[in-house]
Amino acid sequence: MTQASRVVLPGVATVVDVAGIADRAREALTDGSAIVVDVASLERADISIVQLVIALARSARTAGVGFTVEGDLSPLIAAAAGSPDLAVLLG
């Protein structure tokens, strides 16, 4: 069994970090193993990170691989709550 690919988010994750996190997420998707997004260290995020996590979840589902988020979701929820497009983001 292939070990899960981990995408670890830093303590503060904003639009500035999206490209680097997206690169790691693409690598995780290409190896075909389940994906774990580790938010254990995340203290603050903005809506771009929420969008990225949702897009990764959808991409994982399309690719037929498992997807989970580990850690406290509070920073992601707080970032999403501030978005006027929350319903669209959650699809």
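The chain is numbered in sequence order, starting from 1.
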Using side-chain heavy atoms (C-beta onward) and a distance below 4.5 Å, is Asp17 in contact with Ser48?
no
Under a single-linkage definition using a 4.5 Å side-chain heavy-atom cutoff for Ile, Leu, Val, Met, Phe, Trp and Tyr, are Leu73 and Leu52 assigned to the same hydrophobic cluster?
yes
Quick one: does Leu29's side chain get under 4.5 Å of Phe67's, heavy atoms only?
no
Verify the cluster assignment for Ile35 and Val50: are they in a single hydrophobic cluster under the rule of side-chain heavy atoms below 4.5 Å apart?
yes
Spell out, yes or no, whether Val37 and Ile21 are grouped together once hydrophobic residues are joined by side-chain heavy atoms under 4.5 Å, including indirect joins.
yes
Count the heavy atoms belonging to other residues, nucleotides or ligands that lie under 6.0 Å from CZ of Arg6, then report whether that count exceeds 12.
yes
Are Thr14 and Ile49 side-chain neighbours, meaning at least one heavy-atom pair lies under 4.5 Å?
no
Separation between CG of Leu56 and CD of Gln51, rounded to the nearest 0.5 Å
13.5 Å
Hydrophobic clustering (ILVMFWY, side-chain heavy atoms < 4.5 Å, transitive) - are Val8 and Val18 grouped together?
no
Group every Ile, Leu, Val, Met, Phe, Trp and Tyr by side-chain heavy-atom contacts under 4.5 Å, then state whether Val12 and Ile47 land in the same group.
no
Taking the side chain as C-beta and beyond, is there a heavy-atom pair between Asp72 and Leu42 under 4.5 Å?
no
Check whether any side-chain N or O of Ser5 sits under 3.5 Å from a backbone N or O of Ser33 as a donor-acceptor pair, and report yes or no.
no
